[in-house]
Amino acid sequence: MPTLDSEAIVTGLLAAAQLTVSPQEKATFVKDYPLMRSNADALYLAELEFVEPAVTFDPTVYYPA
Amino acid sequence: MSDYLTISDALDALRDNKITATELVQDAFAAADAVDSELGIYLARFDEQALAAAAEADRIYAAGDPAGALLGIPLGIKDIISTLEGETTAQSLVLDREWGAAIGDAVVTARLRAAGGVITGKLTTMEYATGVPDPTKPFPIPKNPWNTDYWTGGSSSGTGSGVASGAILGGLGTDTGGSIRIPAAFCGISGLKATFGRVPKSGCVPLGYSLDNIGPMARSARDCALMLNVLAGYDASDPCAAEQPVEDYVAGLTGDLSGLTIGLDRLALVYADRDPAIDPAIDAAVKALTALGAKVVDVTLPLWDELSAATRITSRSEAFAYHAPDLQSRWDDYFEATRQGVGAAVAFSGADYVQAQRVRRVGQKALAALFETVDLVITPTSSVAGWSLDELGSMTERFLAMHTGYFNAVGNPALVVPMGFNDIGLPLSLQVVGRPFDETTVLRAGDAFQRVSDFHLAVPPMMSSVAVA
Amino acid sequence: MHSNEEKLAVVLEMSGITPPAEDQEAILRAFSTGRELSKLIFSVAQARYEEPALIFSARV
């Protein structure tokens, strides 16, 4: 059960990121936060459980071929 | 405006001695002189260096050995891409000017120069290639030559208005979620986001490391092909550059679409306030493509909402990693839209970023499966023909109306070409998408469409009274 | 100024995670260490203009 509202969450996130914003800009962040969060949450699809990311790491890149 | 609207026509005229490179560049500067204070095309002009380069091009033409593919053509560079001349500012008070000074010419700038291109100056952009204009900051506000109450679109704003107004014949833009395609669409010109990794992006200020593309903007698909021939190809300075052979994209412009199957996704339900002129324009484009030999079928692009979200999460998170120190110490020096857009990345966790990359992989596979049934996909580039400067609205709404970010998530090449006008004379645009590294087929379709239509040659009314030099 | 405890409550809420009371202290210690690690990686001057090591490929 959620215990913090968008205002509290955004306040905390901005503080964690060390960003100092105006009250109006914070209000914009608070207003936009639920949609942004729901967009991100919507990506956790069940069928992706075993899928690799599209960005990959190559340990050989700075070694001669 | 100059008699020569396209790079192709200008090259023919230069080779036939109908015009000199010096005259061509002077015409371009005359157009810029007439309208730049209103349209906000340039941040910096390099008149002296450009005229010297034009004079050198004329010497080469006179000697009878014009080897450079873009010899004598006036070209502008979006000011997030580094050049030898002047500063690179990213249209920001924040960017350390030493960064660009240390680089000199980006790889793409050097390639244009080596091909004989005349670099005329640095073009306006949205700050750090994201967001919308901020009238409180000391930079020009880019305006659409078709209606100066309207925004050019961004972020490659000056490139869009520069080509549309004849101030340049071609230029470089960048595209992380649509920043070549949207200003090309709104300004009624052509623009190409090539396959991710096709064009080296070293020497360009990053917005989204795994999404950024540098690409050509010009009046025609043929001009974009000419420029891509010069720009494309591996360079070790860019870890994302693909070691993929470069084709002759101009040789592929056969004008014939026989045997091609094109999937159409109208994206009709993506944005509620869709311009009613879009669907009739799409219908006319489909008719033209069919007459050119293509078979057009209806398709549905997979995971539209999810991949569009993945682009936003990826770009915000990647941009935030780059900007975090400066956002912490110089918040007010940023444009309002930039800091709010990039700062919104605080809403996303590291796991969200990784998850977005998993969605991208699933999306790539699903789109590859679609491309087993079609050779190209077409969509409207945007559900709107633009926004007035007074009503730019929220970033979220703008993302919904623009049908571009999806293709950054998957990395496929996407070309936009003009396809008509709405009821107040603003351009409408068609997006043509292909398989990875199949720019040849994408450009062939765009060029073939432009052989039977003339939207790409239309001149904004404000330019018809501008005299050449 | 927000404490790590307050920030942690926020990110747990954002992530939809509700650890039991007996885990809170350990998670808070790990979170605080994590914030220090984040500060550390942002302090690497040579990384300021560096590309990430993870590369995207358009070919799948």
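In the text below, chain A, chain B and the rest are named by the order of the sequence lines, each starting its count at 1.
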Test item: K193(B) side-chain N/O and N412(B) main-chain N/O as donor-acceptor pair under 3.5 Å: yes
The interface call for A241(B) against chain C, heavy-atom contacts under 4.5 Å, is neither
Is atom CD of Q328(B) surrounded by more than 12 heavy atoms (other residues, nucleotides or ligands) closer than 6.0 Å? yes
Who wins among A321(B), S202(B), P206(B) for the most heavy-atom pairs under 4.5 Å with chain C? A321(B)
Y322(B) and Y49(C) aromatic ring geometry - parallel, tilted or perpendicular at 30°/60° bounds: tilted
Answer whether the closest heavy-atom distance between the side chains of T89(B) and L95(B) falls below 4.5 Å. no
Taking all non-hydrogen atoms of both residues into account, name the closest pair between D212(B) and L207(B) and its distance. OD2-N, 3.0 Å
Among R361(B), R360(B), Q357(B), who wins on heavy-atom pairs under 4.5 Å with chain C? R360(B)
Is a side-chain donor or acceptor of D235(B) paired with a backbone partner of P200(B) at a separation under 3.5 angstrom? no
Please look at A347(B) and chain C and tell me whether the side chain, the backbone, both or neither of the residue comes under 4.5 angstrom of a heavy atom of that chain. backbone
Counting heavy-atom pairs closer than 4.5 Å to chain C, which one of R198(B), E318(B), Q244(B), Q364(B) comes out on top? Q364(B)
F348(B), part contacting chain C, at a heavy-atom distance under 4.5 Å: backbone
Under 4.5 Å from a heavy atom of chain C, the part of S349(B) involved: both
